[in-house]
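The analysis underlying the following values was restricted to heavy atoms, covering all of them including side chains, and did not include hydrogens, waters or symmetry mates. Numbered from 1 within each chain, the chains take letters A, B, ... in sequence-line order.
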There are 2 protein chains.
Amino acid sequence: MVLEEVTKALSAKGLKITHQRIVVFKALLSSPLHPTAEQIYDGIKKDNPAISVATVYKTLETLVENQLINKVPTPEGTMRYDARIDNHNHIYISNTNEIMDYEDEELKGILAQYLSKKKFQNLHITDFKLQIKGEKIDPGKGINII
Amino acid sequence: MVLEEVTKALSAKGLKITHQRIVVFKALLSSPLHPTAEQIYDGIKKDNPAISVATVYKTLETLVENQLINKVPTPEGTMRYDARIDNHNHIYISNTNEIMDYEDEELKGILAQYLSKKKFQNLHITDFKLQIKGEKIDPGKGINII
DNA sequence: TTCTAAATGATAATAATTATTATTTACTAA
DNA sequence: TTAGTAAATAATAATTATTATCATTTAGAA
Ligand SMILES: [Mn+2]
Ligand SMILES: [Mn+2]
Ligand SMILES: [Zn+2]
Ligand SMILES: [Zn+2]
């Protein structure tokens, strides 16, 4: 089950297995919506009323540092989190604030090939992503996360 | 000269020609570094000691709304500004916080062609950019903007 | 020139995140 | 098992970036 994988992932990184880390990590794993720290906090505090919002922030940062989750910056400037750590792209939907995963092998291939041909002097490329922005045609049917 | 173009651009959008708008706009036009509002404020306040930081923020927002400049979100979450309004990509250099312009017709063509083939249901794509992240090999030689 | 809506400056308020610190707890090793 | 201890947490203060408020000023129209 998820709990076992979470504890395994934490201990593999030498992190202490705490209730708070398990709860935050599991909350993010079960959300495809790329939530903010605050949204994760709101989601878990019913069942964990003693948890502190600062702990949620710190836990997320710890998980990012240990590459168990990813940070996703947004055009509005608020940081969001992603349990997926494999390479994939995002579509930011500006009228609902949703972030959708977008994955396409053809696109990955195209970009990798393009960048492998290019040379940047004094620069080591560490990451590249296509940031797609769009608008949902019928926002009423969508999942609005704010 | 620049002043004339700035005033022309402002009046073309029906915006009042104020000293503050001219100064902020010119400051951004002369900076290829994608500065923050605070950096623009710091740069102009020697010659304009009465200008308010709130005015700088508001002026930049007004220019963005009128599509005379662009906002550039960054991985750290602070907003930066760009006098260039033509479509181009950015390289974010994580060890110096520089943002470099990156423009390549071949890349534009590849991306446009790729996306034109794809169909997204209920979604109108408004923008797409390749976000490249890298590290400067010899940061000592670079221009550090923070 | 006068008039007025819009812009500005000063500053308060807000939102998101980080820092501080006393207390608690997960692991370690007797 | 049971201490012992370094690390983690909760509560809360502080900080940073940005936006809101509002009294005053001003650009541009008449
Ligand atoms: Mn991602
Ligand atoms: Mn902020
Ligand atoms: Zn994702
Ligand atoms: Zn640019």
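In summary, Lys117(B) and Glu106(A) engage in a salt bridge, as defined by a charged side-chain N under 4.0 Å from a carboxylate O. Ion pairing of Asp82(B) with Arg84(B) is absent here, as no side-chain N (NZ or NE/NH1/NH2) approaches a carboxylate O to less than 4.0 Å. For the pair Lys8(A) and Glu5(A), the salt-bridge criterion is not met [side-chain N within less than 4.0 Å of a carboxylate O].
One atom, NZ of Lys58(A), and another, C1' of dT18(C), lie 10 Å apart when rounded to the nearest Å. Between Glu76(A) atom CD and dT18(D) atom C1' there is a gap of 14 Å when expressed in whole angstrom units. Atoms CZ (Arg21(B)) and C1' (dG28(D)) sit 13 Å apart, rounded to a whole Å. Between the CE atom of Met79(B) and the C1' atom of dA15(C) there is a distance of 14 Å, given to the nearest Å. The distance from atom CD1 of Ile22(A) to atom P of dA8(D) is 14 Å, rounded to the nearest whole Å. Distance, Glu61(B) CD to dA17(D) P: 17 Å, rounded to whole Å. Rounded to a whole Å, the OH atom of Tyr41(A) is 16 Å from the C1' atom of dT18(C). Distance, Arg80(A) CZ to dT17(C) C1': 17 Å, rounded to whole Å.
Lys108(A) has its side chain within reach of Glu103(A): a pair of non-hydrogen atoms, C-beta onward, lies under 4.5 Å apart. Proximity of Tyr41(B) to Thr36(B): side-chain heavy atoms (C-beta onward) are nowhere separated by under 4.5 Å. Two residues are said to be in side-chain contact when any heavy atoms from C-beta on lie closer than 4.5 Å; Thr18(A) and Ile22(A) fail this criterion. Residues Lys118(B) and Ile125(B) fail the side-chain proximity criterion, which asks for heavy atoms closer than 4.5 Å.
Lys71(B) meets the side-chain hydrogen bond (donor to acceptor under 3.5 Å, both in side chains) test with Glu61(B); sequence neighbours excluded. Tyr57(B) meets the side chain to side chain contact (heavy atoms under 4.5 Å, CB included) test with Ala37(B), Glu38(B), Val53(B); sequence neighbours excluded. Legend: residues meeting side chain to side chain contact (heavy atoms under 4.5 Å, CB included) with Asn48(B), ordered by chain and number and at least two apart, are His19(B), Val23(B), Ile44(B), Ile51(B).
Within residues 11-20 of chain B, the residues having any heavy atom closer than 4.0 Å to DNA chain D are, in order of number, Lys16(B), Ile17(B). Remark: Ala54(A), Tyr57(A) in residues 43-57 of chain A come within less than 4.0 Å of DNA chain C through at least one heavy atom.
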- Starting from the C-alpha separation in whole Å, work towards a yes-or-no answer on side chain to side chain contact (heavy atoms under 4.5 Å, CB included) for Lys26(A) and Val24(A). CA-CA 5 Å; Lys26(A) 281 175 71 174; Val24(A) 169; over 6 Å; no
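Comparing Thr62(A) and Glu38(B) along DNA chain D, the residue whose closest nucleotide (by nearest heavy atom) sits nearer the 5' end is Thr62(A).
Annotation: the terminal axes of the helix from dT1(C)-dA30(D) to dA30(C)-dT1(D) meet at 30°, where each axis is the rotation carrying the C1' atoms of four end pairs onto the next four (5 pairs per end, rounded to 10°).
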